[in-house]
Amino acid sequence: MYSSDLIEEVVSRNDIVDVISGYIKLKKNGSSYVGLCPFHNEKSPSFSVSQSRQLYHCFGCGVGGNVITFVMEYENFTFLEAVKSLADRVGMELPEISYSQKEQQERDLKTKLLEINKIAATYYYHQLKSENGQVGLSYLRKRGLTDETINRFGLGYSGQNSKALYRYLKDKGYDDDLLKESGLFTYERGINDKFWNRVMFPIMDINNKVIGFGGRVMGDAKPKYLNSPETKLFDKSRNLYGLNIARTARKNNLIICEGYMDVISMHQAGFNQAVASLGTALTPGQARLMKRYTDQVLITYDSDEAGTKAAMRAIPILKEAGLSTKVINMQPYKDPDEFIKALGAEAFQERIDNASNSFMYEIGVIEKKYDRSDPESSTEFEREVARKLTGFSQKLERDNYLNAVCRKFNIQMDGMRELVASYGNQSGILERKDERPRVSMQQTAKKKRDSGVRQAEKILLTWMIDDGEIFKKVKEYIEPSDFIDPLLRDVADKLYSQFDEGYVNPASIINTYATDEEHNGADQVKEFAMMQLNNVLTKYLPLFEEARLTLECKVVYKFEIEEAKFLDPTVFPRWYDEKNGNAHLVYIAEIVNAWEK
């Protein structure tokens, strides 16, 4: 890990306005800059950047941070990747991070394999454009792909000479042990190109590095589609085809397809949020990967029986990852590629807009197994629906789905409600009314008070940063150790140190948490840091005016609350804790609670 001083130098040499201006258009607005948020769709600018504090914040979706966190969020980089990117931007050379011998060997191997894959992808691309590759190029053009799309996805062709790529790489000096690790060759009957006589689809990671390949055979040989085997670079259960482009689409969803051509056709039609699961059933790892970029996934698997089964398997996996899921109806066509060719992008967008709720889709699929005209079969269907409804642990959500299912599938509502309650109680999923945990009034009051205290501490820190003169006065009576919340106590300690050194830079505090892998409060620190923006302060402006009076009346001073004559003690009761000596913060917490009401 790099030192905090080095990271601070990288940050200081990358002005946040200059960096963000490279991604979105910013306009000067008072002391800040505003623009359309790159992290959610909006028509009116709610994204604010403070040059003086080197911070950004979106009032629409709530994201915020410093220049490093912006690059991390936008590019989906790790912390180290973001630091390196920013260092490269300003021509800064970073020292090499030391690794163990085993770690260094692993890194060297992966670097070499990436080199080989890049060379192979370039080789396949040039083969496609050569005379020998006309069969492949003709196939892609028959599928309706433009030259721009072919170039964008780096499509290529592996010829019928099954040893050509091997000889090409050997001539470049790569040894057999390394080539065997690449997964590009088979060794059953000598050494041969694994993908010979196939149109090639390079598979890239989120950083646009080629980690594997897919190939579509030219002719009737089997298998029709072939993927790279598992290698040091390629784990198909943790990657998605097209995600390197889809992650920057800035759409409010991702569309999961079955195959390469579905993704490519959809991107060409303007649906650049499409990805595919690399010829395998959707895995939990792939679902978690999608969750990093979106909260909603639309399933557009083939409309045949196999595609329906794949969708039914994918829905619970996506739900487990915390993703809202819908299913796109493509009938009467088999897949997105056929649909778009027949009806066009506008019609496909309508299908997206009218996509089915995944639970309702599941019930529709289940219904097809039963004969609803037969009472016995219909009852079995309703029992299966009831068992499925018990999967909703929250009563409100369960009732909403129960009502919707009964209306759509013509089921008696009272009977279904009784059946769900019966199954739920049998399995212990649903709690009885008399078994629900009771929360005492004291617990509720304490939780509210604790929440108010934390909010007060955040506001107090914000206020002190915003006005150095106020900080000097408050410092005489309040120390970092007086803060109750451990995270904010740590933040206060760092801020006090900055004031003592004569240089206040709240943005740099974020870096200290971003580099600390054991600290799980980085998001909370970013939340606090975002409050430094002047526009955020407007929410608390009337409160701050009261707070200024409380300072003059010594309300925030330790042990001197009684001097606050201007406040009605019946509205703001005096909380005083001699043991902790934190009356000043608790008192502000009461003001916050009253203000928020």
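Small disclaimer: the values here were computed from a predicted structure and weren't measured.
Ring centroids of Phe153 and Phe201 are separated by 6.0 Å or more, keeping the two rings apart. In summary, the aromatic rings of Phe234 and Phe213 are positioned with their centroids too far apart to meet the 6.0 Å limit. Aromatic pair Phe70/Tyr23: centroids less than 6.0 angstrom apart. With ring centers used as reference points, Tyr157 lies 6.0 Å or more from Tyr124.
A side-chain N or O of Asp337 and one of Ser265 form a donor-acceptor pair less than 3.5 Å apart.
Between Ser237 and Asp235, the shortest heavy-atom contact is OG-OD1, 2.7 Å. What you find for Ser158 and Met200 is that their closest heavy atoms are N-CG, 3.8 Å. Nearest heavy atoms, Gly214 versus Ile203: N-CD1, 3.9 Å. Of all heavy-atom pairs spanning Pro38 and Tyr74, the tightest one is CB-CE1, 3.7 Å. Across Ala314 and Leu282, no two heavy atoms sit closer than the pair CB-CD2, 3.7 Å. Minimum interatomic distance between Ile20 and Tyr56 (heavy atoms only, all atoms of both residues): CD1-CB, 4.0 Å.
In Lys309, the NZ atom is not crowded: 12 or fewer heavy atoms of neighbouring residues, nucleotides or ligands sit closer than 6.0 Å.
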(message) Between Arg238 and Thr283, does the side-chain contact (heavy atoms from CB on, under 4.5 Å) criterion hold? Intermediate values first, please.
(response) CA-CA 8 Å; Arg238 296 178 181 274; Thr283 67; 5.9 Å; no
(message) One pair to check against side-chain hydrogen bond (donor to acceptor under 3.5 Å, both in side chains): Gln286 and Asn239. What are the steps and the verdict?
(response) CA-CA 6 Å; Gln286 290 171 331; Asn239 289 282; over 6 Å; no
(request) Applying side-chain contact (heavy atoms from CB on, under 4.5 Å), run through Leu26 and Val49 and close with a yes or a no. (result) CA-CA 8 Å; Leu26 294 176; Val49 183; 4.1 Å; yes
(request) Output, in order, the C-alpha distance, side-chain angles, deciding distance and verdict of side-chain contact (heavy atoms from CB on, under 4.5 Å) for Thr390 and Val420. (result) CA-CA 6 Å; Thr390 61; Val420 170; 4.1 Å; yes
(request) I would like to know whether Leu155 and Ile264 meet side-chain contact (heavy atoms from CB on, under 4.5 Å); could you show each step before the answer? (result) CA-CA 10 Å; Leu155 305 184; Ile264 294 171; 3.9 Å; yes
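The side-chain hydrogen bond (donor to acceptor under 3.5 Å, both in side chains) test with Gln273 singles out one residue from Asn253, Thr294, Asn252, and that residue is Asn253. Under the side-chain hydrogen bond (donor to acceptor under 3.5 Å, both in side chains) test applied with Asn272, the options Lys251, His267, Arg152 reduce to a single match, Lys251.
Here the side chain of Asn197 pairs a donor or acceptor atom with the backbone of Met218 at under 3.5 angstrom. Between the Arg247 side chain and the Ile206 main chain, a donor and an acceptor come within less than 3.5 Å of each other. Listed for the Thr149 side chain is no donor-acceptor partner under 3.5 Å among the backbone atoms of Leu145. The backbone N or O of Thr146 sits less than 3.5 Å from a side-chain atom of Gln268, completing a donor-acceptor pair. Under a 3.5 Å cut-off, the side chain of Ser303 and the backbone N or O of Tyr333 do form a donor-acceptor pair. Put simply, the side chain of Asp335 never gets that close to the backbone of Tyr301: no donor and acceptor are under 3.5 Å apart.
Ring geometry for Tyr260 versus Tyr225: interplanar angle of 30 to 60°, hence tilted.
We find that Glu380 and Lys369 are not joined by a salt bridge, their nearest charged nitrogen and carboxylate oxygen being 4.0 Å or further apart. For the pair Asp295 and Lys291, the salt-bridge criterion is met [side-chain N within less than 4.0 Å of a carboxylate O].
Relative to the six-membered ring of Tyr423, Arg387 meets both conditions, a distance below 6.0 Å and an angle of at most 45° to the axis.
Taking the side chain as every heavy atom from C-beta outward, Phe409 and Val385 never approach each other to under 4.5 Å. Taking the side chain as every heavy atom from C-beta outward, Ser277 and Ile256 approach each other to under 4.5 Å. Using a 4.5 Å cut-off on side-chain heavy atoms (C-beta onward), Glu230 and Lys236 make contact. Side-chain atoms of Asn117 and Met204, non-hydrogen and from C-beta on, never get closer than 4.5 Å to each other. Looking at heavy atoms from C-beta onward, Phe392 lies in side-chain contact with Phe359 at the 4.5 angstrom threshold. A heavy-atom distance below 4.5 Å is not found between the side chains of Ile245 and Val263. Counting only heavy atoms from C-beta outward, the side chains of Val63 and His57 never approach each other to under 4.5 Å. In this structure, the side chains of Phe195 and Leu226 come closer than 4.5 Å at one or more pairs of heavy atoms.
To the nearest 0.5 angstrom, Asp262 atom CG is 9.0 Å from Lys334 atom NZ. Interatomic distance, Met266 CE to Phe339 CZ, rounded to the nearest 0.5 Å: 10.5 Å. Here the CE-CD1 distance, from Met312 to Ile299, works out to 10.0 Å after rounding to the nearest 0.5 Å. Taken to the nearest 0.5 Å, the CD atom of Glu376 stands 11.0 Å off from the OH atom of Tyr370. Put simply, CG on Leu243 and CZ on Arg292 are 8.5 Å apart, with the number rounded to the nearest 0.5 Å. Atom OG1 of residue Thr379 and atom CZ of residue Arg372 lie 9.5 Å apart, to the nearest 0.5 angstrom.
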Name each donor-acceptor pair under 3.5 Å that joins a side chain in residues 318-330 to protein atoms two or more places apart or in another chain, with its distance.
unit_1, atom_1, unit_2, atom_2, d
Thr325, OG1, Leu323, O, 3.4
Asn329, OD1, Gln331, N, 3.1

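In this structure, Asp205 has no side chain to side chain donor-acceptor pair (under 3.5 Å) partners at least two apart in sequence or on a different chain.
Residue pairs meeting the side-chain hydrogen bond (donor to acceptor under 3.5 Å, both in side chains) criterion with at least one partner in residues 347-366, sequence neighbours excluded, are Gln349-Asp353, Asn357-Tyr401, Glu362-Lys388.
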